[in-house]
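Structure, as structure tokens:
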There are 2 protein chains.
Amino acid sequence: MNKEKAQPLLSYISKYITLTPEEEQLLMSQIKYRKFLKGQYVIQQGDVCKHECFVVSGCTKMFHVDDDGQEHIIMFSIENWWTADMGSFITQTPADYNVQCIENTELILFPYDIIEDLYAKIPKLERFFRQIIERAFVASQKRIIRSFSLSAKERYKYFSKQYPEIEQRIPQYMIASYLGITKEFLSKIKGQIALEE
Amino acid sequence: MNKEKAQPLLSYISKYITLTPEEEQLLMSQIKYRKFLKGQYVIQQGDVCKHECFVVSGCTKMFHVDDDGQEHIIMFSIENWWTADMGSFITQTPADYNVQCIENTELILFPYDIIEDLYAKIPKLERFFRQIIERAFVASQKRIIRSFSLSAKERYKYFSKQYPEIEQRIPQYMIASYLGITKEFLSKIKGQIALEE
DNA sequence: AAATAATGTTAAACTAGTTTAATTTTTACT
DNA sequence: AGTAAAAATTAAACTAGTTTAACATTATTT
């Protein structure tokens, strides 16, 4: 892939590790760039997840559809975030989750087929991904704690303080789904908060 | 540390990677073995987490005490599991969580000071830990989904089917905390389930 | 064997969040 | 600009889970 388009990824990577020009070139030759339109699916529940995806621009939501047909949003990914069904990716079994673009989105894809080989050739990259996942894991555990120890109102306040840019870009009913509450109740909460001020 | 006591760890590691005798010896020289009594703390909220811990025998609980003084159990770790406040460990900042032994417990400790050096000397170990964390992350995300899409009764049934050995060993009020419900409500749920059969 | 502490149960009153359904507001399309 | 579609609000009836408090059972210690 073309270096210019990969710039956001390269500067992101450089926060963790330093690649030599050769390593950078090798990496470039293996990863793929792809544009998606709003509404398009990057991964579909039931398919095997073939890529780890870095978001260059745009926004995606990752969600699970449960047995009652209800949609539960697990995460949003904007610029400089990752998205993938990690469980499906590492085991190459059918995905539990969907990833859909909620804006026109540019992604850089790390294909499953080459990633182990890339780790072998560039051990620093394995370090890089280890660190990324460590952080993702920490964030995920914190979210579990919040879901048990905070009320819906507190969780919403936390979200809107922590991710103000995301809140701007995303319809409220999706935020409700991310917070694990109904859109009606989020609407009520926002009304209450407005009165508090 | 002594090789005999490390046997469970070594066979666990061998499921992921193959170490040469020299690598194994290097690893052994860097990690520590330690016994804890029931009730002892391995990590305390507020302290910096200095080790990643592998459970050789016994059982620990990791929990967070919230602002209201309420205890929320994040995970249990039995034989062949890991425990640590990963967030505190990787950033070397004060821990959000406590780890306490709920049985007499034997741990193998991977000290923070040597782990990066160990990764450099044995890149395979970095691969090993990457894979462990990937799995932990996947499990954590699935738990978020369950906490949103399942009722308390369904979550309990899932837990008791998934971890029957853990359920045997642990008081019911701790399981309630892990499931994010009160002990009274878990008791009610168990009553209902008993009637269903 | 008795006594104490730890764990588990039951039930009534309560509350945070859901459901349903009707209405309003905002956004996108021709 | 006008229309349709998507998103957000409101409110009443409901339910899953909490709180409080009293009691029962099981382990642990002496």
Side-chain angles (χ1 to χ4, degrees), chain A residues 37-40 58-59 61 63 66-73 76 100-104 144 146-160 166-197, chain B residues 37-40 59 61 63 66-73 76 100-104 144-160 166-197:
Chain A
L37 294 175
K38 179 174 174 172
Q40 275 194 293
C59 184
K61 65 171 175 177
F63 64 101
D66 71 19
D67 298 338
D68 306 336
Q70 268 226 290
E71 189 175 312
H72 301 278
I73 295 181
F76 301 109
Q100 188 180 19
C101 299
I102 55 185
E103 298 175 2
N104 293 341
I144 292 175
R146 287 197 302 274
S147 88
F148 288 146
S149 63
L150 302 184
S151 67
K153 191 191 276 184
E154 289 167 324
R155 272 180 278 146
Y156 168 68
K157 282 181 173 172
Y158 178 89
F159 175 83
S160 85
I166 298 188
E167 199 185 357
Q168 299 314 310
R169 291 162 73 163
I170 286 174
Q172 193 169 305
Y173 71 92
M174 289 191 195
I175 293 171
S177 169
Y178 175 83
L179 294 173
I181 57 178
T182 59
K183 56 193 196 311
E184 292 83 358
F185 192 54
L186 178 54
S187 181
K188 191 171 175 182
I189 283 172
K190 289 183 84 170
Q192 289 173 359
I193 291 172
L195 287 179
E196 283 167 18
E197 285 153 7
Chain B
L37 293 175
K38 178 172 173 174
Q40 275 194 294
C59 182
K61 65 172 175 177
F63 64 100
D66 71 20
D67 297 339
D68 306 337
Q70 269 227 290
E71 189 175 311
H72 301 278
I73 295 181
F76 301 108
Q100 188 180 19
C101 299
I102 55 186
E103 299 175 2
N104 293 341
I144 292 175
I145 289 294
R146 287 197 302 274
S147 88
F148 288 146
S149 62
L150 302 184
S151 67
K153 190 192 277 185
E154 290 167 323
R155 274 180 276 143
Y156 168 68
K157 282 181 173 172
Y158 178 88
F159 175 82
S160 83
I166 298 188
E167 199 187 355
Q168 297 316 309
R169 290 162 73 163
I170 285 173
Q172 193 169 306
Y173 71 92
M174 289 190 194
I175 293 171
S177 170
Y178 175 84
L179 294 172
I181 58 178
T182 59
K183 56 193 197 313
E184 292 84 358
F185 193 53
L186 178 53
S187 181
K188 191 171 176 181
I189 283 172
K190 288 184 85 169
Q192 289 173 359
I193 291 173
L195 287 178
E196 283 168 15
E197 285 152 7

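In the text below, chain A, chain B and the rest are named by the order of the sequence lines, each starting its count at 1.
Where I170(B) and L150(A) each meet DNA chain C at their nearest nucleotide, the meeting point lying more 5' is that of I170(B).
Between dT20(D), dG17(D), dT19(C), one nucleotide has an atom nearer to the side chain of E184(B) than all others, and that is dT20(D). Comparing dT18(C), dT9(C), dT9(D) by their nearest atom to the side chain of S187(B) picks out dT9(C). Counting only heavy atoms from C-beta on, F185(A) has its side chain closest to dT18(C) among dT18(C), dA11(D), dG17(D).
When rounded to the nearest whole Å, the span between CD1 of I102(A) and P of dA6(D) equals 16 Å. For the pair K190(B) NZ and dT7(C) P, the computed distance is 14 Å after rounding to whole Å. Straight-line distance from the CZ atom of F148(A) to the C1' atom of dT18(D): 15 Å, rounded to whole Å. Atom C1' of nucleotide dG17(D) and atom NZ of K183(B) are separated by 14 Å, given to the nearest angstrom. Summarising the geometry, the separation between CD on E103(B) and C1' on dT28(D) is reported as 17 Å, rounded to the nearest angstrom. Atom CD of E154(A) and atom C1' of dG17(C) are 14 Å apart (whole Å). Per the geometry, NZ belonging to K153(A) stands 11 Å off C1' belonging to dA16(C), to the nearest Å. Atom-to-atom, CG of L186(B) to P of dT19(D) comes out at 15 Å; the value is rounded to the nearest Å.
Contact detail for S177(A) and I73(A): the closest heavy-atom pair is OG-N, 2.9 Å. The minimum heavy-atom distance between A152(B) and F185(B), with the atom names listed, is CB-CE2, 3.7 Å. The two atoms that bring S149(A) and D66(B) nearest to each other are CB-OD2, 3.7 Å, heavy atoms only. Looking at every heavy atom in both residues, F76(A) comes nearest to F159(A) through CE1-CZ, 4.4 Å. Nearest heavy-atom pair across Q172(B) and L186(B) is O-CD2, 3.5 Å.
OP1 or OP2 of dT18(D) sits under 4.0 Å from a side-chain N or O of T182(B). Between Q172(B) and dT9(C) there is a side-chain N or O to OP1 or OP2 distance below 4.0 Å.
The residue Y173(A) sits close only to the backbone: its heavy atoms come under 4.0 Å of sugar-phosphate atoms, none of a base.
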